[in-house]
Amino acid sequence: GHMEQDPDTLDYSISNKKSTSEFTGNAVDGLLEVDKYGNLIPSLAKDWTVSKDGLTYTYKLRKGVKWMTSEGEEYGGEVKAQDFVTGLKHAADKKSSALYLVQKSVKGLDDYVSGKTKDFSTVGIKAIDDYTVQYTLNKPESFWNSKTTMGVLAPVNEEFLNSKGDDFAKGTDSSSILYNGPFLLKSIVAKSSVEFAKNPNYWD
């Protein structure tokens, strides 16, 4: 497709720019997505529950969703709850430009981002098991679920992140991130076009 602007990074968890989300929106799925009518529908989360006090959101993940490289090869197995924890920690550590969306929402996140605590396990996001991720909020938030469609809450594979180090999501190198969405990003030709390939293992 044609692009108005090259993304300066493919790091969907730290960039708040439309140029990044134009790419990664078709390539990286989050917990929920918005259908063409504007309704929130399941994506990686097949269902979810909210506690009576409105503070705790528990998402049950689909099984069998694979992480894929830009070459269309499986990497490190399924998308797991821990990947959402890794994603938010990465966003916090890298001072994501989209952090403002969730920093005051998730319990303990503001203290972590501001350096009051160095322990990310005090933040209100937990992998209860491989297929259950839970967020605890500071106060009830009617729009919380819509935030799960944003890159700042998207999953990141920890093993891949660690293996790439500073080269994770570097520039517009399509091999610098992993994919779990309907399309794999094959290549980006500056200022002109982007080539997508269908993800052969897409869950949907």
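Values below: all heavy atoms of this structure, side chains included; hydrogens, waters and symmetry mates excluded.
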Notebook entry, point to check: Are Lys89 and Glu158 close enough for a salt bridge, meaning some N to O gap below 4.0 Å?
Noted result: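 Salt bridge flag = no for Glu158 with Lys89.
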Is there a donor-acceptor contact under 3.5 Å from the side chain of [X] to the main chain of [Y]?
{"X": "Lys60", "Y": "Val133", "value": "no"}
{"X": "Ser96", "Y": "Ala92", "value": "no"}
{"X": "Asp83", "Y": "Lys80", "value": "yes"}
{"X": "Asp111", "Y": "Lys116", "value": "no"}
{"X": "Ser97", "Y": "Ile14", "value": "yes"}

Margin query: Tell me every residue that passes salt bridge (Lys or Arg N to Asp or Glu O under 4.0 Å) with Lys66, counting only those two or more places apart in sequence or in another chain.
Written below: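 Listed in chain order: nothing, the list is empty.
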Check: Sequence neighbours excluded, which residues qualify as salt bridge (Lys or Arg N to Asp or Glu O under 4.0 Å) partners of Lys139?
Finding: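 Result, salt bridge (Lys or Arg N to Asp or Glu O under 4.0 Å) vs Lys139: none returned.
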Checklist line | Geometric cation-pi criterion Lys63 and Tyr131, 6.0 Å radius, 45° cone | finding: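 That pair qualifies as a cation-pi contact.
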Side chain to side chain, [X] and [Y], heavy atoms closer than 4.5 Å:
{"X": "Pro140", "Y": "Leu55", "result": "yes"}
{"X": "Ile177", "Y": "Asp11", "result": "no"}
{"X": "Phe168", "Y": "Asn162", "result": "no"}

Next item on the list: Just jot down the ring pair (Phe, Tyr, Trp, His ring centres under 6.0 Å) partners of Tyr135, sequence neighbours excluded, or say none.
Entry: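 Per chain and number, Tyr135 pairs via ring pair (Phe, Tyr, Trp, His ring centres under 6.0 Å) with Tyr59, Trp144.
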Would you say the side chains of [X] and [Y] form a donor-acceptor pair under 3.5 Å?
{"X": "Asp129", "Y": "Thr132", "answer": "yes"}
{"X": "Gln134", "Y": "Thr58", "answer": "yes"}
{"X": "Ser176", "Y": "Lys170", "answer": "no"}
{"X": "Asn201", "Y": "Tyr179", "answer": "no"}

Item checked: Contact list for residues 92-115, test ring pair (Phe, Tyr, Trp, His ring centres under 6.0 Å), sequence neighbours left out ->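 Sorted result for residues 92-115: Tyr112-Phe120.
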Expected list for residues 121-128: side-chain donor-acceptor pairs under 3.5 angstrom, two or more places apart:
from: Ser121; atom 1: OG; to: Asp119; atom 2: OD1; distance (Å): 2.7
from: Ser121; atom 1: OG; to: Asp119; atom 2: OD2; distance (Å): 3.1
from: Thr122; atom 1: OG1; to: Asp119; atom 2: O; distance (Å): 2.6
from: Lys126; atom 1: NZ; to: Ser121; atom 2: O; distance (Å): 3.0
from: Lys126; atom 1: NZ; to: Val123; atom 2: O; distance (Å): 3.3

Notebook entry, point to check: In terms of heavy-atom contacts, does NZ of Lys107 have more than 12 from other residues, nucleotides or ligands at under 6.0 Å?
Noted result: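 No, not enclosed.
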Note to self: By the side chain to side chain donor-acceptor pair (under 3.5 Å) test, which pairs, at least two apart or in different chains, include something from residues 48-57?
What the structure shows: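 Side chain to side chain donor-acceptor pair (under 3.5 Å) check on residues 48-57 returns Ser51-Asp53.
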